[in-house]
Amino acid sequence: MLAHKLNCNVMADRYEPASFEAAWQKRWKNADLFSTRNNEDAPKFYGMDFFPYPSGAGLSVGHCRNYVPTDVICRMKLMQGFNVLHPMGFDAFGLPAENEAIKNKTHPAQMIEKYAATYRRQMDLIGVSYDWSRSFSSSDPTYYQWTQWIFELLYKRGLAYRRLAAVNWDPIDKTVLADEEIIGGRAERSGAIVEKKWIPQWFFKITEYAQRLIDDLDDLNWPEGIKSQQRNWIGRSEGVQFTIQIANSAPSAIPDDGDFLVKSSRGNLAFDVFTTRVDTVFGMTFCVLAPEHALIENIFGLVTAEDGDRIRAYQLQAKALSDTDRQATNREKTGVFTGAYAINPANGGQVPIWIADYVLATYGTGAIMAVPGHDERDFEFAKKFGIDIVQVIAPSDFAPVELPYVTKDGVLVNSMEYDGLSVVQAQAALGIWMEGLGIGLRKIQYRLRDWLISRQRYWGCPIPIIHTKDGEMQMVPTDCLPVELPVVDNYEPSGDGTSPLAHIADFVNVTDLDGMLGARETDTMGGFACSSWYFLRFCDPHNKKEPWSLKAANYWMPVDCYVGGSEHAVMHLLYARFWTKVLYDAGLVSVKEPFARLENQGQVLALTPYRKPKEGENLNLGEEGVLVSYKDAASIPEEDLFYRWARMSKSKGNVVTPEEAVALYGADALRMYLLFVAPFSADVQWSNDGMQGQVRFLSKIFKLIEDLKPIYYADWRDVISFEEFDDAGKAVRRHTHKTIRKATEDIEKFAFNTYVSSLMIYVNELNDLLKKHVGNPSRAFALAMSEAVESLILLASPGAPHSADELWGTIGKGGFTLNEMWPAFDAKLAADDTVVIAVQVNGKLRDTVGMNANASNAEMEEVAKTAPKVLPHLEGLTVRKVIVIPGKLVNIVAN
RNA sequence: GCCCGGGUGGUGGAAUGGUAGACACAGAGGACUUAAAAUCCUUUGCUUGAAAGAGCGUGUGGGUUCGAAUCCCAUCCUGGGUACCA
């Protein structure tokens with residue numbers, strides 16, 4: 001009895017995570033297992049997760065769905081002999097951190113340190129193989145010194161500038177925000193309706209890179225959806241920009257620069273319009289200027305006093321409107337006639353000039369030629385104000401159509417000598433004609449605006465600029481960087497349009513390069529500046545002399561696999577591409593693109609309880625009930641309760657933490673569950689039953705290895721190639737090598753769910769084979785099973801690293817599976833010698849027949865035709881044709 | 001409106017021109033147990049049939065093909081992005 005008990009202690013025939021997971025994590029740490037290796041001649045692999053902001057809520061199992069798969073591919077690459085860079089750091093600067101710090105009355109620097117430590121502890125808890133020696137926070141002065149250095153690089157290259165602009169002001173967070181941070185007129189973070197505010201702001205000239213940002217997308221291995229979102233955001237459109245003269249004034253000189261133009265020196269007035277449909281120019285029956293258009297000032301001189309009053313009233317009305325109101329969908333068109341007329345350059349006709357807010361001052365030239373016959377917006381406007389509508393495009397079949405006819409499939413009518421040309425032909429012909437006359441230019445217009453980087457907040461990277469007394473700007477000398485954030489007690493946003501730094505005299509007052517008193521720039525950079533280059537710092541994180549060494553960056557870049565959520569499609573991912581291109585132009589990196597491959601993980605959803613609304617009860621937008629806690633749900637009658645799948649979040653109260661999941665089921669079970677539950681990019685529904693299933697599977701592995709120990713030869717490698725294999729041994733090896741191929745390919749292509757299922761199939765097959773041969777295992781079978789034991793442990797290692805190392809120990813091996821070679825695939829051993837082929841009659845499966853894998857087509861056909869279940873289906877029919885797919889299928893076509 | 005995804009058993013999903021439903025979860029039946037848990041075995045798309053089998057089946061309707069979940073056209077539903085961008 002005692003002996004049996006002792007035996008039990010050394011036996012590990014089930015997955016008992018509490019007994020070994022923490023111990024292995026400790027051993028990994030002590031052995032410095034995850035520190036980046038730099039073996040000569042080894043290929044490199046740079047695998048990275050999005051830079052997280054360490055929130056006080058800590059990680060949920062939802063975050064783990066990002067980190068675990070990246071860890072799996074990095075671990076496999078390491079075992080395959082790659083030098084792997086797998087870093088983690090913290091995106092610490094920015095609004096969320098500062099707001100939380102204000103709420104908690106802690107200094108953000110201390111708060112971030114604490115939260116980052118929690119993140120790290122949680123990431124270690126699930127066994128992710130980060131090289132922590134390379135970690136940093138974007139708020140570390142040793143990091144943001146170089147963010148400032150890159151700012152100065154942009155400034156020197158004319159890519160950072162300051163100008164007065166109408167910008168998005170968030171009245172809750174009391175700062176301006178970039179266009180990319182505004183969703184439907186509301187601030188993405190605070191949810192506040194943004195206001196227009198005119199303040200001098202810092203911008204990065206991302207528009208200069210618009211075309212390259214579109215072009216270089218083609219070569220990236222990114223999800224098509226993300227690429228398409230970026231293309232749409234940049235919004236390239238090809239068209240013609242041309243000058244329109246105002247009729248009430250004398251003809252003006254023709255501009256040749258194609259730029260927006262106001263000619264007022266001699267009272268000659270003209271304005272530029274941009275159109276993608278120059279082919280419809282003969283259908284222009286009015287023009288529209290944006291209410292903010294600069295030319296309007298000059299129009300007052302041409303029109304009556306009443307016209308002037310009407311224009312001013314409309315301008316005021318437009319100004320009073322918030323952006324959200326102005327952008328409200330299906331808004332009725334408004335506008336006023338100016339009293340002035342424009343000359344259509346194509347036919348010399350005079351058309352009225354209107355002012356309307358459906359034309360945006362910030363896009364194109366802020367003025368349009370309006371063609372109501374072929375544009376829905378113009379049509380709606382013309383209808384409302386009784387303006388002429390002329391058809392100039394007809395469908396190619398000349399069928400009568402209802403206007404507006406916006407389709408490009410057509411030919412020109414009512415267009416003088418251009419009649420009969422197709423839309424495409426006419427666009428070219430009219431563009432060339434205008435260019436010849438010097439009144440227009442074919443041009444490419446982008447929707448993308450420059451990147452607004454100023455924030456009127458304390459917790460960000462200071463902009464290293466000094467304003468001198470005479471109104472000039474100077475860069476802070478490189479050797480004086482970083483411009484450090486002063487440590488202060490009170491850093492709440494002031495709300496007056498300046499940052500809290502502006503009220504700290506010690507920070508503001510400096511002497512400039514000439515020894516004169518100057519004032520520091522007090523805006524800080526938005527957090528996206530900090531995350532636009534951190535992947536470069538990871539290559540060389542301790543460099544004190546430069547942001548990174550060329551050698552390190554050239555070796556590791558680009559990031560081979562970048563993993564994170566799709567919510568950054570047009571923010572971080574666009575900015576980081578822009579900075580990389582600038583750095584490439586400056587000769588500081590050798591790649592034009594930072595992220596060769598991008599993968600987006602799905603979200604983890606939790607079943608969340610809601611109470612049915614009471615009569616007349618107000619509900620949150622988009623919800624059908626009132627959110628309740630799990631605790632409250634227990635006391636609500638069943639008929640008043642319903643459940644919905646919702647993203648795990650603190651506010652929904654439905655978060656499952658990694659601590660809870662690990663305590664209940666184990667880290668490896670959590671990892672395997674997250675991998676297995678759904679394809680990587682799909683949303684998943686958290687389920688405790690699913691977790692239990694993984695515990696079962698891991699236990700099955702432990703049990704199988706335990707059962708195989710009696711026939712395990714530790715030195716199988718030395719003899720296996722000399723062995724004559726019997727059928728049983730061959731079958732084992734076939735399964736082993738098929739699984740090696742499948743698991744390797746699946747991890748490579750992020751098909752982690754089928755990676756796990758291939759291991760399950762493998763375990764099931766080995767169990768079946770073992771059962772069949774347990775009484776009389778041949779030596780060949782035992783050798784094949786020995787290979788299988790090690791292959792199984794090593795193939796499972798990226799997914800379940802704790803269990804793999806534990807099992808590795810139980811078969812008498814020392815060390816870590818991460819240091820072992822990934823199993824090598826042998827195609828010859830994986831090949832089947834018999835196959836089951838499908839026999840179809842007229843495409844319908846009628847029988848399956850087993851046969852030799854290299855049977856000839858004729859043999860296959862013969863066997864198929866005489867298969868017992870096939871014969872009745874051929875009765876009375878004549879065989880017309882037989883299709884044979886070698887090794888797979890025979891289809892007999894008969895009638 | 002426009003641009004991207006997605007629609008397959010009770011559930012998560014597999015199969016990307018060649019045996020639909022791999023692998024799991026859940027369910028049902030059984031073994032072990034005083035009992036439960038755990039574990040193991042059998043079974044599980046639908047209809048019909050005692051069974052062998054037959055028929056149907058990947059949102060819907062058409063098409064291409066010897067053969068379609070997969071390719072093409074149309075259409076519905078659904079998730080995400082975006083919107084007066086000329």
Side-chain angles (χ1 to χ4, degrees), chain A residues 13-14 183-184 223-233 235-237 239 241 273-278 280 288 290 326-331 333 356-360 362-371 374-378 380-381 406 445-449 566-567 569-570 600 602 672-673 676-679 681-685 687-697 699-700 703 751 753-764 767 836-849 869 872 880-885 887-895:
Chain A
D13 64 351
R14 56 191 299 167
I183 292 167
E224 272 312 311
I226 301 285
K227 291 208 241 181
S228 128
Q229 270 190 62
Q230 291 215 349
R231 285 192 196 100
N232 290 343
W233 186 261
R236 176 193 156 104
S237 37
Q241 182 168 320
V273 296
F274 174 77
T275 179
T276 54
R277 293 297 304 271
V278 71
T280 63
V288 186
R326 195 166 154 172
Q327 282 166 11
T329 45
N330 300 330
R331 218 180 109 227
K333 296 266 180 298
D357 64 6
Y358 82 91
V359 171
L360 307 177
T362 45
Y363 181 78
T365 61
I368 61 161
M369 70 164 197
V371 183
H374 304 283
D375 179 282
E376 270 170 28
R377 295 149 301 178
D378 299 344
E380 207 184 305
F381 193 83
V406 298
Q445 186 73 45
Y446 300 93
R447 199 189 81 119
L448 182 71
R449 313 283 159 73
S566 55
E567 67 275 11
V570 291
N600 295 130
M672 294 293 265
Y673 171 73
F676 178 70
V677 65
S681 59
D683 286 352
V684 307
Q685 300 171 349
S687 122
N688 289 335
D689 286 337
M691 288 290 293
Q692 191 54 52
Q694 293 304 321
V695 170
R696 205 172 296 152
F697 171 56
S699 285
K700 248 166 132 172
K703 176 80 167 39
N753 55 334
T754 49
Y755 153 64
V756 175
S757 89
S758 75
L759 295 181
M760 290 172 164
I761 294 168
Y762 188 39
V763 168
N764 291 344
N767 261 323
V836 177
I837 63 155
V839 185
Q840 300 181 331
V841 178
N842 291 328
K844 268 197 166 113
L845 181 74
R846 293 304 177 186
D847 206 352
T848 54
V849 220
K869 288 182 192 165
R880 302 288 172 196
K881 199 171 166 185
V882 178
I883 282 133
V884 180
I885 309 295
K888 286 228 153 153
L889 162 148
V890 177
N891 187 11
I892 303 165
V893 185
N895 60 12

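Lettering follows sequence order; numbering is per chain, from 1.
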message = Counting the atoms with a prime plus P, OP1 and OP2 as sugar-phosphate, which does A/V836 contact under 4.0 Å by heavy atoms, base, sugar-phosphate, or nothing?
response = base
query = Heavy atoms under 4.0 Å, any strand shown: does A/R236 hit a base, just sugar-phosphate, or nothing?
reply = nothing
request  = Using a 4.0 Å heavy-atom cut-off across all strands, classify A/R696 as base, sugar-phosphate, or nothing.
outcome  = sugar-phosphate
remark   = Ranking A/N232 and A/K888 by the position along RNA chain B of their nearest nucleotide, the one closer to 5' is A/N232
message = Heavy atoms only, 4.0 Å cut-off, all strands: where does A/P223 land among base, sugar-phosphate and nothing?
response = nothing
task = In whole angstrom, give the distance that lies between atom CG of A/L759 and atom C1' of B/rA22.
result = 14 Å
request  = Remember a base hit wins even if backbone is also touched, and classify A/G693 as base, sugar-phosphate or nothing at under 4.0 Å, heavy atoms.
outcome  = sugar-phosphate
query = If you check the A/K700 side chain, which of B/rC40, B/rC56, B/rA86 turns out closest?
reply = B/rC40
inquiry  = Once you apply a heavy-atom cut-off of 4.0 Å, does A/S237 come out as touching a base, just sugar-phosphate, or nothing?
reply    = sugar-phosphate
query = Quick one: salt bridge (charged side-chain N to carboxylate O under 4.0 Å, His left out) partners of A/R449, sequence neighbours excluded?
reply = none
task = Give one of base, sugar-phosphate or nothing for A/K703, where a contact means two heavy atoms less than 4.0 Å apart.
result = nothing
ask   = Is A/K333 positioned over the aromatic face of A/F381, cation under 6.0 angstrom from the ring centre and no more than 45 degrees off axis?
value = no
Closest-nucleotide ordering on RNA chain B, the 5'-leading residue of A/L845 and A/V677 = A/V677
request  = Taking atom P in both B/rC71 and B/rU58, compute the distance separating them and give it to the nearest angstrom.
outcome  = 15 Å
task = Using atom CZ of A/R447 as one end and atom P of B/rU82 as the other, report the distance to the nearest whole Å.
result = 9 Å
ask   = So what does A/T848 touch, heavy atoms closer than 4.0 Å: a base, only the sugar-phosphate, or nothing?
value = base
ask   = Would you say B/rC66 has OP1 or OP2 under 4.0 Å from some side-chain N or O of A/N895?
value = no
ask   = Rounding to a whole Å, what distance do you find between A/F697:CZ and B/rG13:P?
value = 20 Å
ask   = Mind checking the C1' distance from B/rG79 to B/rA26? Whole angstroms is fine.
value = 26 Å
key: Whole angstrom value for the distance that separates P of B/rG67 from NZ of A/K844   = 11 Å
task = Establish whether the base of B/rC4 is bridged to the side chain of A/K227 by a donor-acceptor pair shorter than 3.5 Å.
result = no
request  = Indicate, with a heavy-atom threshold strictly under 4.0 Å, whether A/D378 touches base, sugar-phosphate, or nothing.
outcome  = nothing
message = Quick one, A/M369 with A/T280, criterion side chain to side chain contact (heavy atoms under 4.5 Å, CB included). Give me CA distance, side-chain angles, the key distance, then yes/no.
response = CA-CA 10 Å; A/M369 70 164 197; A/T280 63; 3.5 Å; yes
query = Can you check the A/Q230 CD to B/rG5 C1' distance for me, whole Å?
reply = 17 Å
Any donor-acceptor N/O pair under 3.5 Å between B/rC66 base and A/N891 side chain = yes
key: Residues, nucleotides or ligands: over 12 heavy atoms within 6.0 Å of A/E567 CD   = yes
inquiry  = For the P atoms, the ones on B/rG18 and on B/rU70, what distance do you get once it is rounded to whole angstrom?
reply    = 11 Å
key: Interatomic distance where CD belongs to A/Q694 and P belongs to B/rA26 [whole Å]   = 12 Å
request  = Could you tell me which non-hydrogen atom of A/Y363 sits nearest to which non-hydrogen atom of A/Q445, and how far apart they are?
outcome  = OH-CG, 3.4 Å
request  = Round to the nearest Å and state the distance from A/K333 atom NZ to B/rA86 atom P.
outcome  = 14 Å
query = Would you say the side chains of A/N891 and A/K881 form a donor-acceptor pair under 3.5 Å?
reply = no
query = Using a cut-off of 4.0 Å on non-hydrogen atoms, how would the nucleic acid contact of A/I761 be classed: base, sugar-phosphate, or nothing?
reply = sugar-phosphate
key: Polar side-chain atom of A/Y673 near backbone of A/G693 as donor-acceptor pair, under 3.5 Å   = no
message = Just so I know, are the side chains of A/V849 and A/V836 near enough to count as touching, which here means a heavy-atom distance under 4.5 Å?
response = no
request  = Provide the distance between the two C1' atoms, one in B/rC25 and one in B/rA31, to the nearest whole Å.
outcome  = 23 Å
query = Heavy atoms under 4.0 Å, any strand shown: does A/F676 hit a base, just sugar-phosphate, or nothing?
reply = base
task = Considering only atom P, compute the distance from B/rC4 to B/rU75 and round it to an integer number of Å.
result = 16 Å
Rounded distance (Å) that lies between atom P of B/rU11 and atom CD of A/Q692 = 23 Å
ask   = Using the C1' atom in both, what is the distance from B/rU33 to B/rA37, to the nearest Å?
value = 10 Å
Residue A/D689, side-chain atoms from C-beta onward, closest of B/rA26, B/rC23, B/rA86 = B/rA26
request  = Name the nucleic acid region contacted by A/Q229, choosing base, sugar-phosphate or nothing; use a 4.0 angstrom heavy-atom cut-off, strictly under.
outcome  = sugar-phosphate
message = Give the dot-bracket line for RNA chain B from 5' end to 3' end: parentheses for intra-strand Watson-Crick or G-U pairs under 3.5 Å, square brackets for crossings, | for inter-strand pairing, dots for unpaired.
response = (((((((..(((.....[....))).(((((.......))))).((((....))))..(((((..]....))))))))))))....
remark   = Residues A/F676 and A/S757: closest non-hydrogen pair is CE1-CB, 3.9 Å
request  = With syn defined as a glycosidic angle within 90° of 0 and anti as everything else, classify B/rG7.
outcome  = anti
inquiry  = Work out how far the P atom of B/rU48 is from that of B/rU42, and round it to whole angstrom.
reply    = 27 Å
task = Measure across A/F274 and A/S237 and return the closest heavy-atom pair with its distance rounded to 0.1 Å.
result = CZ-O, 3.7 Å
request  = Pick the C1' atom in B/rC76 and in B/rA28, then give their distance to the nearest Å.
outcome  = 37 Å
